[in-house]
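Note that these values count all heavy atoms, side chains included, but never hydrogens, waters or copies made by symmetry.
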Amino acid sequence: QVQLVESGGGLVQAGGSLRLSCAASGRPTRSYTMGWFRQAPGKEREFVTAITWGGGSIQYADSVKGRFTISRDNAKNTVYLQMNNLKPEDTAVYYCAARPERLPLVIPSTPKGYDYWGQGTQVTVSS
């Protein structure tokens, strides 16, 4: 079992920045692909970005490319999401997710592709 705890959410003005963190505990995280999803009120949970354990493969949703950056520090069992140039449409609850890596090595972009989830952290961007 892997436990994920997000932090770093908050209220920010449009154009501002936030950095989210996701701390993992439980089974070693070194072989887990880690991802971020978000869910706005009345909408489905959507893929934001994900990174493989070695960092060799990263994917972003088109809506965040060039503004968001995912990174991980395996020594700290932590994944980060740096969000720059935030827009009101980025307002959502952001969730961290993890999935054991297995062959073929792919990065799922749907929630059902992940086995473990955090409780979420609210990000609100005011206009």
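In the hydrophobic clustering, where aliphatic and aromatic side chains (Ile, Leu, Val, Met, Phe, Trp, Tyr) are joined below 4.5 Å either directly or transitively, Val93 groups with Phe37, Phe47, Tyr95, Ile107, Tyr114, Trp117.
Residues Gly9 and Leu20 approach most closely at N-CD2, 3.5 Å, considering heavy atoms. Here the shortest heavy-atom pairing between Ile51 and Ser71 reads CD1-CA, 4.2 Å. The heavy-atom pair separating Val48 from Val64 by the smallest distance is O-CG2, 3.7 Å. When all heavy atoms are compared, the tightest approach of Ala14 to Ser127 is CB-CA, 4.4 Å. When all heavy atoms of Cys96 and Leu4 are compared, the pair lying nearest together is O-CD1, 3.7 Å. A pairwise comparison of heavy atoms in Ala92 and Gln122 identifies O-NE2, 3.5 Å as the closest pair.
Met34 contributes atom CE, which lies 12.0 Å from atom OG1 of Thr52 (distance to the nearest 0.5 angstrom).
Hydrophobic clustering (ILVMFWY, side-chain heavy atoms < 4.5 Å, transitive): Phe68 and Ile58 are in one cluster. Following chains of ILVMFWY side-chain contacts shorter than 4.5 Å, one can reach Val12 starting from Leu81, so the two form part of one hydrophobic cluster. Side-chain heavy atoms closer than 4.5 Å link hydrophobic residues (I, L, V, M, F, W, Y) into clusters, and following such links, even through other members, never connects Leu11 to Tyr94.
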task: Could you walk me through whether Tyr32 and Asp115 pass side-chain contact (heavy atoms from CB on, under 4.5 Å), step by step?
output: CA-CA 10 Å; Tyr32 283 75; Asp115 301 276; over 6 Å; no
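With hydrogens and angles ignored, the 3.5 Å screen pairs a side-chain donor or acceptor of Glu6 with a backbone N or O of Gln119. A side-chain donor-acceptor contact under 3.5 Å links Tyr60 to the backbone of Ile70. In this structure, the side chain of Ser21 does not engage the main chain of Tyr80 through any donor-acceptor pair within 3.5 Å. Listed for the Thr91 side chain is a donor-acceptor partner under 3.5 Å among the backbone atoms of Val125.
Applying the salt bridge (Lys or Arg N to Asp or Glu O under 4.0 Å) rule to pairs touching residues 31-41 yields Arg38-Glu46, Arg38-Asp90, sequence neighbours excluded.
A side chain to side chain donor-acceptor pair (under 3.5 Å) with Thr33 holds for exactly one of Glu101, Arg99, Arg102; it is Glu101.
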